[in-house]
K.L.:
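Sharing a structure with you now.
Small disclaimer: the values here were computed from a predicted structure and weren't measured.
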Amino acid sequence: MSEGKKYLKRQVRTTGIDVHPTESAILVFYEIDASIFGEDQQEIVGDVTARQRKIIIPPLSSASKIPALADQIMYKCKYIKENRRSELEQLLLFLQERNSGKSQAELDHDASAHVDKHMIKEDSRDINASLGSVHTYLDLLYEEGQQRLMGSKYILQLARNPVNMEELVDNEGLMRAIARILRDEAKENTELQTNLLTVFYFFSSFSDFHQLIAEYKIGSTCISIIQHEMKREKVWKNDVQKKREKVKSGKMTEKDFDAHMEKISDLRFLQDQLLYVAIHLLLNLSEVKAIEMKMVKKEIVDHLVKMLDRKNFEFLSLIVKFLKKLSIYTENKDKMAELDIIPKLTTLLAHKNPPLQLECVRLLKNLSFDKALRRRMVQVGCVPKLSAMLQEENAPLSFILNILYHISMDKQNKQLFASTDVIPVLMQMMLTCQEEFVDFEPVSLAINIAQDEKCGQLLADRKGLALLLKRALKTRDALLLKLVRTLCIHPFAKEKLLDFIDPLAMEVHKSKDDPDMLLELLGILSTLDIPEFDFEKLVQEYHLLPLLSRLLTPGECDDDLFLEAVIMVGTILTDPACAPLVAQCGIASMLIGMLKDKQEDDEIVLQIIFVWNKLLFYKSTREVVLSEPQAVSYLLDLMHDQNAEIRKVCNSALDIVADCDHTWASEIRKKQFEFHNSSWIEVVLGRGSEMQHEQTHDEYGAGYYDDYRDGVMDGYDDMYYDEDDGGDVLIRDEYDRGSSSSGDFSDRSDGLWDGEEEEEE
């Protein structure tokens, strides 16, 4: 530090006041004449800077009191002297008249907009600082009061320019002084603390300087600043609460309380600026995972969530952005859930501030992968707010639709969308899309909510289904066809589909080399379980069976398309006239062979057995299944399957076989008895299941099952025979074409034995 004392002389001259051209604000123009003198009264550094200050004025209505407002402005801004009072009142009257044509909603919007202020200090930008005078600025940092503050502003101005950074970094004495004063001495002066921390903030914008920042432990200093300011905030809240109680008890006037609140408001804004710089600096440093983990251990998540009740939009946007980055790790996401962050984010969505809304929906998207947090979003009314945002101009549609899609994955939430504006918006987005294919997000959300009957009806009403199908066929959009297919699981949509049978069937052949289109087209046709529909005409006119035979050939297509082909065969067999056609083309034999290959896929196994049931139902095709030596053996094995739906359909098929083929009847009854009474047999015989068969034949005799059937099972056969049918099988209708999973196939099925039995020749 250079020898001798130095003195700072600063004069401020007001040059004029005026109204802001667009905002509700008063502009104050002034000049600052700052000079530094040595002990000999010789000027060392001198500078005259033209400045302006913007004073935000609340939107003025006809009820606003101009004289009182002028007093308040002059009290807060010392640059407006008494001789300019009349000029100030005239400007306020002008602002009042300019607002006279605005509605109350517009005035409220203006008022909320004025809450936002820039967080990065701009006061130093007009100061002419020079690298050659760095030693002088460093000397000022060791002074007291305004001189120290002025020195910090000069250094901050130098740090703003990236060209100066290398030289500043090389000045180790300067950097150490800034770090030490920031850590040990600046707590009592928030503005000084903010200036010095902002210097390091500018350095943190460049990864090359992160090691330097780590050496001076600025990250740890930022955490300490945040912790200290959070304690100050708690003290302020307690103080305000005490003052409010004094007002209630009459020990303090409303005017004094308002003055105290204004003081707290000013202090809080300075605090927001400091916290903004500290948090932004930490965000820049968090690109290194190890540093981010240290921040998490210092409870950065707790502090950020607690600061979500701030009022400044720019500050809130930064906080939410940081939380979004932290939320990709499970432990941080769980901590946010513990702190109940969802209601706070939902409240922030109501602010018409696009940057803040964008950051909020990005964070909500990350959190929406958690089922418990999705449930919380529904509880606090997040769905209506997000659906309302869909209609806002420049809304982040992709993120909003992603959140709504995640919410719609939960079955209990699908019905919520029927009472919102989501469905009309989705229909507009899908039908008016200018691209060849509709965007993925709206269609995916529509597919999810279409599974709910009420939502599906809203999507299909007013020719909605027809318009969607026409566009899908015209553009060959497979995803849009999937939406139509989902809608067709509901009864109200099946009748509307009849007008499109011919176009759909023609499109099936056009799409034989397009598996995605073919999958959805077959899926739509498979939903046509309409009574008395002429499937024979459809199959013969459009040659569907050769196509299905090709798809059922091993290795010809993937499992999804194979499954859809099997379901289509089952749907065709609801028409008795189609049974001989299916038998002749060899599909039954193909399915028997594929059952072994696909035995790990419960859905495919279930649908193949369903087709066998249909083939066994008709006399003309019954022998086709029974002629296959392995068919019944497979059914006997599947009788023990863990899937309840497969066991149910399998037992139905075995009952038919037992009543139609006496060579298998004894074996089937025996296996069914053993399966249904396995626990009883094990207790009675005291031996394992492998010995049961041997015991029942050797110990009890070959006629054991015959005796059991004549006794315990008396009347069992009456369920399968009818006195008037001459011994033909009377099929029970209690078995439905089920599904082994929660997929769509169970919804599109009809009764397993619906339809008329084929007449005997």
K.L.:
Does F492, at its CZ atom, have more than 12 non-hydrogen atoms belonging to other residues, nucleotides or ligands within less than 6.0 Å?
P.N.:
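More than 12 heavy atoms, drawn from other residues, nucleotides or ligands, come within 6.0 Å of this atom.
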K.L.:
Checking D421 now: which residues fulfil salt bridge (Lys or Arg N to Asp or Glu O under 4.0 Å) with it, not counting sequence neighbours?
P.N.:
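Here no residue qualifies.
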K.L.:
Name all residues meeting the ring-ring contact (aromatic ring centres under 6.0 Å, His included) criterion together with F500; count only those two or more places apart in sequence or in a different chain, and write none if there are none.
P.N.:
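Once residues adjacent in sequence are excluded, F500 has no partner under the ring-ring contact (aromatic ring centres under 6.0 Å, His included) criterion.
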K.L.:
Apply salt bridge (Lys or Arg N to Asp or Glu O under 4.0 Å) to D461 and list each qualifying residue two or more places apart in sequence or on a separate chain.
P.N.:
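For D461 the salt bridge (Lys or Arg N to Asp or Glu O under 4.0 Å) partners, ignoring immediate neighbours, are K496.
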K.L.:
Could you pull out all residues at least two apart from K482 that satisfy salt bridge (Lys or Arg N to Asp or Glu O under 4.0 Å)?
P.N.:
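Testing K482 for salt bridge (Lys or Arg N to Asp or Glu O under 4.0 Å), a comparison that skips the adjacent residues, returns E520.
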K.L.:
If the condition is ring-ring contact (aromatic ring centres under 6.0 Å, His included), which residues does F437 pass it with, not counting sequence neighbours?
P.N.:
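Not a single residue meets the ring-ring contact (aromatic ring centres under 6.0 Å, His included) criterion with F437.
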K.L.:
Between M427 and L468, does the side-chain contact (heavy atoms from CB on, under 4.5 Å) criterion hold? Intermediate values first, please.
P.N.:
CA-CA 9 Å; M427 289 297 291; L468 290 170; 4.2 Å; yes
K.L.:
What pairs with E556 under salt bridge (Lys or Arg N to Asp or Glu O under 4.0 Å), at least two apart in sequence or on another chain?
P.N.:
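E556 satisfies salt bridge (Lys or Arg N to Asp or Glu O under 4.0 Å) with R550 only.
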K.L.:
Will you find, in the side chains of Q607 and E603, an N or O donor that is under 3.5 Å from an N or O acceptor?
P.N.:
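Result is yes, a qualifying pair exists.
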K.L.:
Atom CE of M409 and atom CZ of R374: how far apart are they, to the nearest 0.5 Å?
P.N.:
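Rounded to the nearest 0.5 Å, the CE-CZ separation comes to 4.0 Å.
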K.L.:
Between V582 and V611, is the side-chain contact (heavy atoms from CB on, under 4.5 Å) condition met? List the steps.
P.N.:
CA-CA 10 Å; V582 173; V611 172; 5.7 Å; no
K.L.:
Please round to the nearest 0.5 Å and tell me the distance separating atom CG of L363 and atom CD1 of I342.
P.N.:
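It is 7.0 Å, given to the nearest 0.5 Å.
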